[in-house]
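Quick caveat: nothing in here was measured; it's all calculated off a predicted structure.
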Amino acid sequence: MGSSIAISGAGIGGLAAAIALRSLGHEVVVYEQAPKFARVGADINLTPNAVRALDGLGVGDALRETAARPTHRISRTYDTGEETSRLPMGDTAELQYGAPQLTMHRADLMSALEAAVPASAIRLGTKVAGLTQDDEGVTLEFADGTSARHAAVIGADGIHSVVRTALFGKESPVFTGVVAYRAVVPISTLSDVTNLDAFTKWWGPNKDTQIVTFPLNRGEDLFIFATIPQEGWHAESWTQPGDVAELTDLYRDFHPEARRLLAACDEVLKSALYVRDPLPTWTAGRATLLGDACHPMMPFMAQGAGQAVEDAVVLARAIDAAPTFEAAFAAYETARLPRTSRIQISSRDNAWLKESGTGDWVYAYNPWTTPLT
């Protein structure tokens with residue numbers, strides 16, 4: 001298949017797709033509405049399946065330079081502090097799954113991906129506003145009134161995807177009634193807290209209340225993620241500030257060790273959580289979707305970024321193997337949609353690995369060898 005492939009969105013999934021496609025000899029142009037790359041966001045929890053995919057893209061070594069490697073995945077009861085499960089990660093996960101769990105600042109992952117795509121392949125400050133297509137290709141229409149013609153387009157433009165809307169119309173996300181708080185604190189301020197080198201989840205009195213922590217920046221910082229039911233807050237943004245006093249009060253019934261984590265926060269971000277149903281299809285003609293554009297997930301299984309990277313790898317392989325984009329996109333969707341739909345639904349329940357079991361069905365997946373039929 002000739003001519004260039006357009007990717008709308010230079011986030012994790014879009015850049016991963018660009019790297020994968022370019023490694024297979026395909027010409028790619030990535031369109032990103034932001035005028036420049038900036039150090040935004042907080043954490044990324046890359047489970048072994050995500051790290052394996054990123055290793056194959058050639059960025060794994062760069063990630064390991066700044067990442068932390070949690071030793072375990074621990075579940076604890078919110079009020080008594082009792083451990084209900086302890087899953088070995090670190091070296092054990094690497095031996096079992098072929099890659100470790102890595103936790104880091106989102107910007108460090110983005111920097112590694114950006115460095116692997118030449119600037120000439122990225123059009124910053126270019127917002128896709130719509131598209132039309134025919135049997136020969138796709139015309140992207142930009143917010144400034146200009147346009148560009150490509151052989152196909154990949155919508156990697158996130159939860160508010162313009163490409164998805166152009167293909168399938170507007171979505172109707174439903175507010176879950178749950179809000180999430182995010183903060184990063186220096187581990188040096190938490191000398192009286194245990195398991196700081198592990199991924200720890202404090203399970204609350206209901207499925208929507210929890211506190212999750214894990215190390216960042218080679219273990220120098222701790223990321224704190226907390227969710228709780230709360231009406232009246234509907235902003236779906238990870239840059240909106242929250243109130244630390246409100247946060248600490250909401251979790252006043254948690255174990256003293258969990259409360260000490262929240263007391264160490266100087267500032268916090270707050271977002272409402274919305275749920276979307278799995279789409280029945282991701283593809284229309286010469287256009288398809290990946291990542292949050294087609295399967296945005298609740299954060300409880302830490303699979304949002306990982307599934308986007310898996311998508312990117314499988315999609316690139318499908319494009320390289322198929323005689324037409326239509327055939328490639330059909331193979332990609334067949335390979336990926338059942339897995340992402342299962343994870344999307346499981347993420348809503350927030351019961352995964354609470355008391356027992358392994359992460360095998362998620363962590364052992366390899367997008368480099370997934371059959372394309």
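- Minimum interatomic distance between A18 and V117 (heavy atoms only, all atoms of both residues): CB-CG2, 4.2 Å.
- Residues R260 and L190 fail the side-chain proximity criterion, which asks for heavy atoms closer than 4.5 Å.
- The aromatic ring centres of Y251 and W202 sit 6.0 Å or more apart.
- Taking both residues in full, the closest heavy atoms of A226 and L247 are given as CB-CD1, 4.3 Å, listed atom of the first, atom of the second, then distance.
- Side-chain atoms of R317 never come within 3.5 Å of backbone atoms of A20 as a donor-acceptor pair (strictly under, hydrogens ignored).
- A search for side-chain hydrogen bond (donor to acceptor under 3.5 Å, both in side chains) contacts involving R259 returns nothing, not counting sequence neighbours.
- Y365 carries R339 over the face of its six-membered ring, with the cationic atom under 6.0 Å from the centre and within 45° of the normal.
- Rounded to the nearest 0.5 Å, atoms CG (L279) and CG (L337) are 8.0 Å apart.
- Considering only heavy atoms from C-beta on, Q240 comes within 4.5 Å of W233 through its side chain.
- In this structure, R182 and F223 have side chains that are in contact, with non-hydrogen atoms separated by less than 4.5 Å.
- A donor atom on one side chain and an acceptor atom on the other are found under 3.5 Å apart for E333 and T281.
- Contacts of R69 classified as side-chain hydrogen bond (donor to acceptor under 3.5 Å, both in side chains), with partners at least two apart in sequence or in another chain: D91, E94.
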Run the ring pair (Phe, Tyr, Trp, His ring centres under 6.0 Å) check on Y31 and H150 step by step: do they pass? CA-CA 12 Å; Y31 296 98; H150 292 276; 5.6 Å; yes
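- With contacts defined as side-chain heavy-atom distances shorter than 4.5 Å, the pair I345/R348 qualifies.
- Scored by the salt bridge (Lys or Arg N to Asp or Glu O under 4.0 Å) test, D243 finds no partners at all (sequence neighbours excluded).
- Counting heavy atoms from C-beta outward, D253 and D79 have side chains that stay 4.5 Å or more apart.
- In this structure, V362 and M301 have side chains that are in contact, with non-hydrogen atoms separated by less than 4.5 Å.
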Test log, rule side chain to side chain contact (heavy atoms under 4.5 Å, CB included), inputs L273 and M298: CA-CA 7 Å; L273 297 181; M298 295 285 278; 4.0 Å; yes
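- Across all their heavy atoms, M104 and L63 have their closest contact at SD-CD2, 3.9 Å.
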Step by step, work out the ring pair (Phe, Tyr, Trp, His ring centres under 6.0 Å) result for W282 and F329. CA-CA 9 Å; W282 302 342; F329 294 166; over 10 Å; no
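- With sequence neighbours excluded, no residue forms a side-chain contact (heavy atoms from CB on, under 4.5 Å) with A308.
- Listed by first and then second residue, the salt bridge (charged side-chain N to carboxylate O under 4.0 Å, His left out) pairs involving residues 209-228 amount to none (not counting sequence neighbours).
- Looking only at side-chain heavy atoms (C-beta outward), P296 and Q344 come within less than 4.5 Å of each other.
- Side-chain contact of N206 with T209: a donor-acceptor pair under 3.5 Å is present, judged by distance alone.
- When only modelled atom types and interatomic distance are considered, Q303 and T47 share a side-chain donor-acceptor pair under 3.5 Å.
- Panel note: side chain T189, backbone V185; no donor-acceptor pair is recorded below 3.5 Å.
- Put simply, I187 and L216 are part of two different groups of oily side chains (I, L, V, M, F, W, Y) that touch within less than 4.5 Å, one to the next.
- In terms of the salt bridge (Lys or Arg N to Asp or Glu O under 4.0 Å) criterion, D61 has no residue partners (sequence neighbours excluded).
- With no hydrogens or angles considered, a side-chain donor-acceptor pair links E246 and Y181 at under 3.5 Å.
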So T80 and H255, side chain to side chain contact (heavy atoms under 4.5 Å, CB included) or not? Walk me through it. CA-CA 6 Å; T80 66; H255 189 271; 5.7 Å; no
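- Both I44 and V51 belong to a single network of hydrophobic side chains, linked directly or stepwise wherever heavy atoms of I, L, V, M, F, W or Y lie under 4.5 Å apart.
- Contact annotation: the side chain of L46 approaches that of L109 to within less than 4.5 Å [non-hydrogen atoms, C-beta and beyond].
- A donor-acceptor pair shorter than 3.5 Å cannot be found between the side chains of E141 and S147.
- Checked for salt-bridge contact, D134 and R149 meet the test: a charged N lies under 4.0 Å from a carboxylate O.
- Taking CG of L124 as the start and OG1 of T126 as the end, the distance is 7.5 Å to the nearest 0.5 Å.
- Checked for salt-bridge contact, R276 and E171 meet the test: a charged N lies under 4.0 Å from a carboxylate O.
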Steps toward side chain to side chain donor-acceptor pair (under 3.5 Å) verdict (S75, W203): CA-CA 7 Å; S75 291; W203 297 81; 2.9 Å; yes
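- When only modelled atom types and interatomic distance are considered, H72 and N195 share no side-chain donor-acceptor pair under 3.5 Å.
- To the nearest 0.5 Å, atoms CD1 (I211) and CZ (R76) are separated by 11.0 Å.
- For the residue pair R336 / Q307, a side-chain donor-acceptor distance below 3.5 Å is found, with atom types taken as modelled.
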